[in-house]
2 protein chains.
Amino acid sequence: MDIQGLPGRLLADLGPAIASGEIAGGSVLRIEELEERFDVSRTVVREAVRMLESMQLVASRRRVGVTVRPKSEWDVFNPTLIAWRLAGADRPAQLRSLGSLRVAVEPAAAGLAAVHADDDQRRALGALATEMTMTGRAGDLDAFLRHDADFHATVLQASGNEMFAHLGATVEAVLRGRTEHRLMPHHPEDYAVRLHREVAEAIAAGDAATAERAMRAIVTGALEELDAALE
Amino acid sequence: MDIQGLPGRLLADLGPAIASGEIAGGSVLRIEELEERFDVSRTVVREAVRMLESMQLVASRRRVGVTVRPKSEWDVFNPTLIAWRLAGADRPAQLRSLGSLRVAVEPAAAGLAAVHADDDQRRALGALATEMTMTGRAGDLDAFLRHDADFHATVLQASGNEMFAHLGATVEAVLRGRTEHRLMPHHPEDYAVRLHREVAEAIAAGDAATAERAMRAIVTGALEELDAALE
DNA sequence: GTCGTCCAAAGGTATGACTTAATCAACCCG
DNA sequence: CGGGTTGATTAAGTCATACCTTTGGACGAC
């Protein structure tokens, strides 16, 4: 999902630098300077700039240069940008934003999934809940993370809403970040695992209200734990 | 927010064509062909392709060409792409997706706004609700639309969550599309206007639960009306 | 002090040559 | 005859350069 070619190299360098605030809003980059700094041709620089431009990270104006736009204008839903911010200095802020988004979206998705999921998806959720129980008890955080991410991605997918479905990858990034940075207990809380089981069963039974309620408990719990972990 | 220069011209032509399905997933475009078709240089074509690529609309592979990716891989949150789809053949599907998204996000945003809004925002919401009452009664759909969009944008902004805030522009696009295509009653329903007033008052009073409930009523109502209007 | 003109700086576009990688097919080996 | 390896071919990727276009700011006239 990442990069391609030389412009990708520039992106991988400039993008995170801007996203982390290291290059402040209002700064001006000149194309010629970038050519020298990265030792590439104008073509390459321009393509990289175009991509930053399409994320609303920068704006290019004649006679001025490539100016970094204020943070408030970024395309904050862009998955690449989210990844950069999660990897950089304002990971806390990004995690909080995404946490609120999850609280809003995932319960709704669970409710829809109870209505729209196909049989395979209902079965898969049950199986994933079981895996989470087992790997959670065993303290195998890697495997737990994998199944947790799969679980949420499956629910989002099963909602039948393409926009919800696309948040699967983002949620996975959140969960991974949480695990990698020790922002969650070393043994997943029992109650969280039980709630996942409850969501799976409610979706299997077509019980939208219960699925929604249980999922809301999961994501609000996650948000509270996150806030606590971030002091 | 749109376009800039010659690459913008290509984008404005290719983007909507892909977004509407006119150019199907799996199709292959060759750069040289595009050069001729639009009578521009390679530089320009490549930059346009880069931008389509960063929306995940296409992928460029050596020895093959620029292939249009399946719809399921598009960056469906990209505002430009949303605009293209709203303007094109699958406006109905896009409106439905966005409708569900609103149902998920706006109630949560209203709840947060009741806690985080500043005084100006609380005042502005009250004033906008008043305007909606007046222009709604007068049947001035244009003015009503403007205030309606402002209202929702302000709530999203006041939530204090940058991701919610960014959905303001998208919601406005939805509302505008709804009005322009006669998908709403010629006189806004009284109950909807009353609910907006209720949201404004709850946010002014810092009553998160009420704000959330009233906003949920607004957006679920809007979604139902949309579904009805789309048969 | 204000307005208008002019110039230079920086991005935007065009071109053509060259490099790189991947597909397809021919070919060789088993 | 089948399968894997190699090589030719094709289209994207990169580079260097020249030229065009816009525009911010300096400079001078009124």
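Heavy-atom basis, side chains included; hydrogens, waters and symmetry copies ignored. First the proteins, then the strands, lettered A, B, ... as listed; each starts at 1.
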From CZ of Phe38(A) across to P of dT14(D) the rounded distance in Å is 14 Å
**Item:** Any Asn78(B) side-chain heavy atom under 4.5 Å of Trp84(B) side chain
**Value:** no
Rounded to whole Å, CG of Leu29(A) lies from C1' of dG11(C) at a distance of 13 Å
Per nearest nucleotide of DNA chain D, the residue lying toward the 5' end, Ser60(B) or Arg63(B), is Arg63(B)
Arg46(A) CZ to dT14(D) C1', in whole Å, measures 15 Å
note: Glu35(B), atom CD; dA11(D), atom C1'; distance rounded to Å ~ 11 Å
Taken to the nearest whole Å, CZ/Arg30(A) to C1'/dG12(C) is 16 Å
Quiz item: Is the distance from OP1 or OP2 of dT23(C) to the nearest side-chain N or O of Arg61(B) less than 4.0 Å?
Solution: yes
Considering only heavy side-chain atoms of Arg62(B), the closest of dA12(D), dT14(D), dT13(C) is dA12(D)
Worksheet entry | Any Thr43(B) side-chain nitrogen or oxygen under 4.0 Å from OP1 or OP2 of dG12(C) | no
DNA chain C nearest-nucleotide lookup for Val49(A) and Val64(B): closer to the 5′ end is Val49(A)
Per atom distances to the Arg42(A) side chain, the nearest of dT14(D), dT13(C), dT23(C) is dT13(C)
Discussion item. For the residue pair Asp148(B) / His196(B), report whether a side-chain donor-acceptor contact shorter than 3.5 Å exists.
Written reply: yes
Next item on the list: Count the heavy atoms of every other residue, nucleotide or ligand shown that sit under 6.0 Å from CD of Glu22(A), and state whether that count exceeds 12.
Entry: no
Quiz item: Is the CD atom of Glu32(A) crowded by more than 12 outside heavy atoms at less than 6.0 Å?
Solution: no
**Message:** Can you tell me if Asp39(B) has over 12 outside heavy atoms packed within less than 6.0 Å of its CG?
**Reply:** no
Between CD of Glu47(B) and C1' of dG13(D) the distance, given in whole Å, is 14 Å
*Has Arg9(A) got a side-chain N or O lying under 4.0 Å from the OP1 or OP2 atom of dT14(D)?*
no
Exercise. Check whether any side-chain N or O of Ser41(A) sits under 4.0 Å from OP1 or OP2 of dC15(D), and answer yes or no.
Key: yes
In whole angstroms, the gap separating P of dA11(D) from CD1 of Ile31(B) amounts to 12 Å
Separation of dC20(D) atom P from Leu6(B) atom CG, nearest Å, is 15 Å
